[in-house]
K.L.:
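Shown below is the structure under consideration.
Lettering follows sequence order; numbering is per chain, from 1. Both backbone and side-chain heavy atoms feed into the values below; hydrogens, waters and symmetry mates do not.
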Amino acid sequence: MPSLLRSSILPAILFVLLPIAAPGQAAPRLPGELAWAIHSDPKTFDPAKVDDQASELVRYLTGGVLLRMNRQTLEAEPQLAESFRVSPQGTLLEFKLRSGLRFSDGSPLTSSDVAWSIRRILAPSTESIVAAEFLSPAAVSIETPDKLTVRIHLPKRIIGLAEIFDQIAVEPANRPTEARVTSGSFTVSDYKRGQYVRLNRNPNYWRHDKAGAQLPYATGIRLDIQNNREQEIALFLRGEYDLIDNLPPDYFRVVAQKSPQSVHDLGASLGTEQMWFNQAPGAPLPEFEKAWFQNRSFRVAVSEAIHRADLARIAFDGHATPGTGFISPANKIWHNDHLQYPHENLPGAIQLLASAGFHRFGNQLWDSSGHAVKFSLLINAGNPARQKMATMIQQDLGAAGMQVTIVALDYPALIERLLHKQDYEACLLGLAVVQPDPSFGMNIWLSSGENHQWNPSQKTPATPWEAEIDKLMLAQGSAASVPERKTAFDRVQQIVADQQPFIYLVYPNALQAVSPKLRGVQASIVSPGPVWAIDFMRRDPGQGGAR
Amino acid sequence: MKKRVPAALLLLLLVTSLGVLWLAPDNYAFQDRDATMAPASVRHWTGTDELGRDRTVRVAAALLIGLTGAAAAAAVTTLIAASFGLLAAFSPAWAAALLLFLGDVFLSLPWLFLLMIARSMLPLTASPLETAIATFLVLAALGWPACARAIYRDASVLRSAEWMIQGRASGLRTGQLIRLHLVPHLRPLLMPQFFICVPAFIVAEANLGALGLGVGEPMPSWGAMLLELDNSALLARSPWVYLPIVLLVVVLLLVESFATEGEANA
């Protein structure tokens, strides 16, 4: 009989239920080794070519740098450099190296290694994303007057030195080793694709603790490549992993129930969750829809109709902070404390829509030309918090008479629509912000930027307010002092709050789980989060070994 | 007949679901945001989901949507299969071979991916109801080749049956032959086909839903509700999370029992 259809039922059920399978086994832990999970394979171990999160973490743990940004004070701390100075015009940087520096293989580390590593970053053939931070990398020149001094001549002042040099790992000149020979805390010793990256302590690391003991304390690190969060949490609770960074909000409660002392909600992170409307004039949308999306009153009304406190409370189980603008309040240096933004106000939103020519008939909102206000909201599939936010926004905007359909797409399909075809009406996504300094956002805020998502890659600014943002962003990029930059940047935040090209919804909180056995962890919301002070981290020897 | 018990149970489920939808104070989309993941209470008999939506109402709606959608799709697919099988059976040998080859090509396609592609080609603004209809139509359009082969085999046996030859000899036209002789004989074959397709389509819709490609929010569907089982955090918070999967298995077993009864009778 027709067994094919029948036989397809069982595999189909299994297909639905398979992800609930029991937790697997982690590789055995070596003595003194720390272990946690990363969620994808590092794309490269070459520190100059890093452009994904996993590779960046490996570079952070293995690469020796001239300056490191303190993840709590956000200030530059000298590392391989003993001291540094910047000329008054900002065009000359001079680094003095510590004496007696050596690479992990014992060979001496001198100014020529530093110069070679920086030149490699600047070379166009390397395609390093850090090069752009030097504004015009080709015009930068580097000299090494002696073995301990490096001078960098810049065509013009650059900003965020701590962040830039934090990303430049010093490698042995003319023999890049893909992090096998390093000047940082660890070296890569073993990598099994899809399984783990193993790091060993660098025996020649320059740093010692106050008592004179060699750092780092941990003998090694195993980074398991694990993209199943359920398994990651199960292995953490079994003591196989020492920490979880970016704990998903719905799992916070589970971990807290089983191990209350290990979970930490550090408050708002630097990241944002936002929705926006497609305002691109070339988008394949009907003209009347473009007219809604380009109408400031429409966007502000949408913003006012959304219950952000509910989003934070329900979609993130309370582990998020209602959003106001694109700089999180956790970013104390750059957040505009006097920002005026649209508050939740449904009657106000309905009034604003009426004044903009929209009218309600029954439960449906209509525009002045007689079109029902309906649009789709794209989200990426597989993000439960975003799915919940979208469903809640659907109800909130329904109260204002707008019909929203939610469309979950996988990432490639989503990016195709957003960037290439611009074939969408509205989109809800998040932005993981890794650097507190606003210079990272140039590509988003400049109207010519590719990531200026509501209307990308404009030849000339489409609106006066976008032109003003362009001017202010360029001004803050070349301003000499932080207060001057802050004034310009505060104004950008205010324009964005007034115009609502991005409607900011929430700042997800930074959620971390750290094993109570782990010592020396210094909490931070800035990437790489809890492991930023890796040199001082170790498992409590008093409580035995691995398990 | 044993068939009566599953039929009665299924009917009871359907009537209960309709009753729940009729009597419940809230509709399936209403978010009671002050009562998310609430336990069972007088207002919410089986509690609420993560967005504060009544679980009983949503499960009842999902059951009705899933069952009617799958039944309609199964009817369409059985019809297509019957037409295709009969056409092949009554065509010259070379045409039958060609048609069957076509069916085999269809069979060998990776149906889950086809479903995904077909479903993702829908316009973005399709309403939840339209997505539901489209999902089941796609299932119907892709589900027929296996049935068609079975029907072809039985129909070709029937074609050379003695009473068919006698019918033809006594001057019945093809249409009359099909109506008077063929369809009554094929019915014992078509009914189980239909009842086998129903659970298969329910599960296929659940699969698509679990991939985010099924029935759109806020309309409830098995797939979206089964996704909750993927989250151990939720499982720990409410036993009612298991309600959809339990009901799904019950419905599948009930519908399957029709198919096996049909086979036994055939």
K.L.:
Relative to chain B, which segment of A:Asp396 carries a heavy atom at a distance below 4.5 Å: side chain, backbone, both, or neither?
P.N.:
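When you check distances to chain B, atoms from both the backbone and side chain of A:Asp396 fall under 4.5 Å.
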
K.L.:
Of the listed residues (A:Ile406, A:Val255, A:Asp410, A:Asp310), which shares the most heavy-atom pairs with chain B below a 4.5 Å separation?
P.N.:
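Of the options given, most contacts go to A:Asp310.
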
K.L.:
Check each atom of A:Arg313 against the heavy atoms of chain B and say whether the ones under 4.5 Å are side chain, backbone, both or neither.
P.N.:
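For A:Arg313, the side chain is the part near chain B, not the backbone.
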
K.L.:
Is A:Leu377 in contact with chain B via its backbone, its side chain, both, or neither, using a 4.5 Å heavy-atom distance?
P.N.:
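Contact with chain B involves no heavy atom of A:Leu377 at all.
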
K.L.:
Counting C-beta onward and ignoring hydrogens, is there a side-chain heavy-atom pair between B:Arg33 and A:Ile314 closer than 4.5 Å?
P.N.:
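Contact flag for B:Arg33/A:Ile314 side chains = yes.
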
K.L.:
For A:Thr405 versus B:Ser127, what's the shortest heavy-atom pair and its separation?
P.N.:
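Looks like CG2-CA, 4.0 Å.
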
K.L.:
If you count heavy-atom pairs under 4.5 Å between each of B:Met37, B:Arg149, B:Gln31, B:Glu50 and chain A, which one has the most?
P.N.:
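Most heavy-atom pairs under 4.5 Å with chain A: B:Gln31.
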
K.L.:
Measure from the side-chain N and O atoms of B:Glu217 to the backbone N and O of A:Val407, and report whether any donor-acceptor pair falls under 3.5 Å.
P.N.:
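Judged by distance alone, no pair lies under 3.5 Å.
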
K.L.:
Counting C-beta onward and ignoring hydrogens, is there a side-chain heavy-atom pair between A:Lys374 and B:Thr125 closer than 4.5 Å?
P.N.:
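No. Closest side-chain heavy atoms not under 4.5 Å.
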
K.L.:
Side chain, backbone, both or neither: which part of A:Asp317 has an atom under 4.5 Å from a heavy atom of chain B?
P.N.:
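Contact with chain B: side chain only.
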
K.L.:
Would you call A:Asp250 and B:Arg237 a salt bridge, taking side-chain N to carboxylate O under 4.0 Å as the test?
P.N.:
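Looking at B:Arg237 together with A:Asp250, the answer is no, because their closest N to O distance does not fall below 4.0 Å.
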
K.L.:
Looking at A:Lys388 and B:Asp49, is there a salt bridge between them, counting it only when a charged N and a carboxylate O are closer than 4.0 Å?
P.N.:
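A salt bridge is absent here (no side-chain N lies under 4.0 Å from a carboxylate O).
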
K.L.:
Among A:Ser376, A:Pro384, A:Gly398, which residue has the highest count of heavy-atom pairs closer than 4.5 Å to chain B?
P.N.:
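When all of A:Ser376, A:Pro384, A:Gly398 are compared, A:Ser376 has the most.
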
K.L.:
Any chance CZ of A:Phe288 has more than 12 other-residue heavy atoms, nucleotides or ligands included, within less than 6.0 Å?
P.N.:
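Enclosed.
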
K.L.:
So do the side chains of B:Leu124 and A:Arg417 get within less than 4.5 Å of each other, counting heavy atoms only?
P.N.:
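Contact flag for B:Leu124/A:Arg417 side chains = yes.
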
K.L.:
Heavy-atom distances under 4.5 Å only: say whether A:Gln403 touches chain B with side chain, backbone, both or neither.
P.N.:
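Answer is neither: A:Gln403 stays 4.5 Å or more from chain B.
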
K.L.:
How far apart are the closest heavy atoms of B:Ala29 and A:Gln395, and which atoms are they?
P.N.:
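Minimum heavy-atom contact is O-OE1, 3.4 Å.
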
K.L.:
With a 4.5 Å limit on heavy-atom distance, are the side chains of B:Arg53 and A:Thr391 in contact?
P.N.:
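Result yes, sub-4.5 Å side-chain heavy-atom pair found.
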
